[in-house]
Amino acid sequence: MRFRGSVHVLLAVAVLIGSLALYGCPKRPEVMQAAPAPAGPAAATVPGAAPAQPSPQTAETPVTRPAAPAETPVQPAPAAAAPGAPAAAAQPGVPGPSPLKDVFFDYDKANIRDDQKAALNDNVGWLKGNTGAKVLLEGHCDERGTAEYNLGLGERRSKAVKDYLIAAGIAADRISIISYGKERPFVLGHDESAWKWNRRAHFVLQGQ
């Protein structure tokens, strides 16, 4: 009987201890996550505190720009001189341009024009001063007409110049003639601005 009573006492103590353990333990407090701080450099304003003063900006140093160089006025280029009659081409063995001048003719003509006699007289004077020089007179025409006709016309032109030189006192054996007709134009073109230079007798020095 004493043993059974002890068991009952132990069971009652165990139940009491379990009840105290169940109701006596405090609840675990819940952990609250703190809200993230707002982005940005601005700090929260504390009530009653003086407002923050902005930091003074560094004064900018004025940049001194060099003055623009004064413009030099551009002088207009001088106008080119108007071209005159084409100069005679230099001949083989003769230094520099030929001293003898070409003689020009009217369309389909072989007679010496009055305005060409000055050039011819200059040539006569040079030939008289250079008695060892001989000349070849080339007869030329513009592109109009047949090749055969222009060969004949060129020959008449060179012969007319030869006759003028002989009449002025130049020995005939110092002068020879040839005709190229329209085969060797001096100026290329298909109008009077080119044709007037191609109707000519051209002096070629043969020797001195």
Side-chain angles (χ1 to χ4, degrees), residues 69-208:
E71 295 184 359
T72 304
V74 179
Q75 298 296 331
Q91 304 305 322
V94 180
S98 171
L100 301 176
K101 303 173 183 177
D102 288 355
V103 177
F104 298 94
F105 295 85
D106 289 332
Y107 172 64
D108 200 24
K109 302 292 183 183
N111 57 297
I112 304 298
R113 291 176 1 200
D114 289 341
D115 64 344
Q116 297 300 303
K117 291 180 181 179
L120 268 174
N121 292 334
D122 289 344
N123 292 347
V124 169
W126 189 91
L127 289 170
K128 286 182 177 180
N130 296 270
T131 55
K134 294 183 178 182
V135 293
L136 170 65
L137 299 176
E138 298 178 349
H140 295 272
C141 306
D142 63 37
E143 64 181 349
R144 293 171 290 182
T146 65
E148 182 179 3
Y149 179 83
N150 282 303
L151 283 173
L153 179 59
E155 184 177 0
R156 294 195 299 274
R157 286 172 175 170
S158 59
K159 188 176 184 304
V161 173
K162 179 179 180 179
D163 292 343
Y164 190 97
L165 296 178
I166 293 172
I170 306 301
D173 61 356
R174 297 175 63 190
I175 309 166
S176 56
I177 64 173
I178 190 173
S179 175
Y180 289 109
K182 64 178 182 178
E183 302 305 320
R184 296 187 179 184
F186 187 60
V187 176
L188 299 178
H190 305 289
D191 55 27
E192 184 61 21
S193 65
W195 294 335
K196 66 182 179 181
W197 303 119
N198 295 331
R199 300 189 297 262
R200 65 191 176 117
H202 178 57
F203 284 72
V204 180
L205 282 174
Q206 298 292 291
Q208 298 188 50

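What you are looking at is a predicted structure, and each value in this text was computed from that prediction instead of being measured.
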Exercise. Between the side chain of K182 and the main-chain N/O of G145, is any donor-acceptor distance below 3.5 Å?
Worked result: yes
Problem set entry | Side chain to side chain, D142 and F105, heavy atoms closer than 4.5 Å | no
Problem set entry | Pair V161-R157, side chain to side chain contact (heavy atoms under 4.5 Å, CB included): steps then yes or no | CA-CA 7 Å; V161 173; R157 286 172 175 170; over 6 Å; no
Exercise. Can you check whether L120 reaches F203 side chain to side chain, under 4.5 Å on heavy atoms?
Worked result: yes
Exercise. Going through the distances and angles, do L165 and K162 end up as a side chain to side chain contact (heavy atoms under 4.5 Å, CB included)?
Worked result: CA-CA 5 Å; L165 296 178; K162 179 179 180 179; 5.7 Å; no
For this session: Go through the steps for L136 and Q206 under the test side chain to side chain contact (heavy atoms under 4.5 Å, CB included), then give the verdict.
Result: CA-CA 7 Å; L136 170 65; Q206 298 292 291; 3.4 Å; yes
Exercise. Of the non-hydrogen atoms in D102 and H202, which two are nearest, and what is the gap between them?
Worked result: OD1-ND1, 2.7 Å
For this session: Quick one: sort the F104 and W197 rings into parallel, tilted or perpendicular, breaks at 30° and 60°.
Result: perpendicular
For this session: Look only at the side chain of S179 and the backbone of G152, and say whether a donor-acceptor pair between them is shorter than 3.5 Å.
Result: no
Problem set entry | Residue E143 excluded, over 12 heavy atoms near CD under 6.0 Å | yes
For this session: For N123 and K101, indicate whether the former's side chain and the latter's backbone hold a donor-acceptor pair under 3.5 Å.
Result: yes
Exercise. Taking it one step at a time, do Y164 and I170 satisfy side chain to side chain contact (heavy atoms under 4.5 Å, CB included)?
Worked result: CA-CA 9 Å; Y164 190 97; I170 306 301; over 6 Å; no
Exercise. Does the K134 side chain pair with the main chain of S176, one donor and one acceptor, at a distance under 3.5 Å?
Worked result: no
Exercise. Hey, are the side chains of R174 and V135 touching, using non-hydrogen atoms and a 4.5 Å cut-off?
Worked result: no
Exercise. How far apart are the closest heavy atoms of A160 and A110, and which atoms are they?
Worked result: CB-O, 3.3 Å
Exercise. Mind checking whether S193 and V187 have side chains closer than 4.5 Å, heavy atoms only?
Worked result: no
Problem set entry | Nearest heavy atoms of W195 and G189, plus distance in Å | NE1-O, 3.9 Å
Exercise. Can we say R199 and E192 salt-bridge, meaning some charged N sits less than 4.0 Å from an Asp/Glu carboxylate O?
Worked result: yes
For this session: Quick one: pull up CD1 in I177 and CD in E138 and give me the separation to the nearest 0.5 Å.
Result: 12.0 Å
Exercise. Looking at side-chain heavy atoms only, is the closest gap between R144 and Y107 below 4.5 Å?
Worked result: yes
For this session: Determine whether F186 and H140 make a side-chain contact, defined as any pair of heavy atoms from C-beta on separated by less than 4.5 Å.
Result: no
